[in-house]
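Reminder, nothing fancy here: chain letters follow the sequence lines and each chain counts from 1.
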Amino acid sequence: MSEFIKHLFRLLLLLLSQHFLLYQIPPLHHTAVPVLYFLFSLWLPFQIGRAPLLLLSFITGMLMDFFTKTPGMHAAAMVLIGYLRPFLIALLMPQQGVEFNYREPSAQSMGMVPYISYVAILTLLHHFCLFSIQAFQFGDMSYMWLKTGISWGVSLVLILSIELIFHRKQKFLTNT
Amino acid sequence: MRNLFAFIRRYFILLLFLSLEIYSFYLLFRYNQFHRAAYMDVAGEWTGKLEAKAQQFTLYFSLKKENEALRHRLNILQNQLSQNFQAPDTTAGTLALDTIRIDTLSQFRKYRYREATVVNNSVNLPNNFITLHRGRLQEIEPGMVVIGPSGVVGVVLDVSDNFATVMSMLHRQSRISGRLKKTGEMGRIEWDGADPRIVQMKDISKGTQVKPGDTILTSQYSDFPANLMIGTVQKVIAEKSSNNFLLQVKPATDFSKIQNVFVIENLQRAEQEELENRNKEK
């Protein structure tokens, strides 16, 4: 399977499961909203340029907005994490050249602790951005903080369990 | 000018980020507060179809609740049918339902329906019983009759506090008084214990015009309310030893699929029986 089709498939799966599954869970709905669709941006290859990364994140956000009928809301949050992702990767992986050994960020390619902090920080940023925009619309700050915190925890647990269940195979790239 | 280009090239990513972010917020405020129509039209077209499909799936989860609510409603409506009321004086005119909350017709009420769920059922024994999850505490008494959504089911035989056993039509001692819809001939519906898809109707004299496909309803002499569906004639057999036909009847109820039933109480039965027994003692 080519890389392009793989990413396209992943994008569709994430968007559809986000809208039809995670946004439909009633008992968690008011304070804990698991949000996973932004994993698409987190799992894009290391080598992708910063401009394409930003544009892809924006498009992902717009597609999500397409479903939820809130144009710009998810897109704003996605653009933010698309912009910050390269800085975070540079920060968490200071040793030169490691990112060229593997294609995508994962626990295998980055190491467990850097990868978890990478995911956790971007998830927190995304949720904060998303929910503050939502709160902007609906008001009440303390509720927004509570929602960000709880949703962050729930999403993180879900992401890590997805990593454990659907193991992404990473090929070790060599120059030869 | 060159400095400007140099600046743009230097901070291209940051500028792209800022412009996309600004564009997002522009969309957010423009569409969410003012007119969403243009965006919504396209989005509605594309995602609406998907959502309709997804709705079909999610509907399944609420089917049970929906079904219960429907049956409850049906029960209420069924109790309001005018044929449940039978006044001794039929010249008083047709009974009409009105919107008064107090049931002024209760003295004429003959049948009361109660819904019940089937929790156990058999069809392949010679004597089949159905167990209902509704019993003495829920106002079920022996002798009440049971109908399903498509036709006659049986008679309540015994009750415990919360359950009731029903002698189904597929029981060798089951006797139901039936009537040919076309000619009005009365007969007795029995079961010989062989094929659960076929019951027998007896006591139809050979002079009667009867064809396969004819409808058989409950007669007004039975414990069932009159004119309930029993089944359709499948085969007409002339008994050699008697002057009667033996009709093979296909029951309207599929006994192997029965899930929800109504138990019908005949409120005027006790009085009628008392009078009839008094005549016998004389």
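Neither the backbone nor the side chain of A:His74 comes within less than 4.5 Å of any heavy atom in chain B. When heavy atoms are compared at a cutoff of 4.5 Å, B:Leu14 approaches chain A by way of both its backbone and its side chain.
Between B:Leu20 atom CG and A:Met78 atom CE the span is 12.0 Å, to the nearest 0.5 Å. Here the straight-line distance linking atom CG of A:Leu84 with atom CZ of B:Phe17 works out to 6.0 Å at 0.5 Å rounding.
Around the CZ atom of B:Arg197, the shell of radius 6.0 Å holds no more than 12 heavy atoms that belong to other residues, nucleotides or ligands. By the neighbour-count criterion of 12 heavy atoms within 6.0 Å, atom NZ of B:Lys110 is densely surrounded, having more than that number from other residues, nucleotides or ligands.
Closest approach of A:Leu80 and B:Glu21 over heavy atoms only: N-OE1, 3.5 Å. A:Ala51 and B:Ile13 get closest at one heavy-atom pair: N-CD1, 3.5 Å.
In terms of non-hydrogen atom pairs under 4.5 Å with chain B, the most contact-rich of A:Pro86, A:Ala76, A:Ala75, A:Gly61 is A:Ala76.
Considering only heavy atoms from C-beta on, A:Tyr83 stays 4.5 Å or farther from B:Leu16 through its side chain.
In this structure, B:Tyr23 and A:Phe58 have tilted ring planes: the angle between them lies in the 30° to 60° band.
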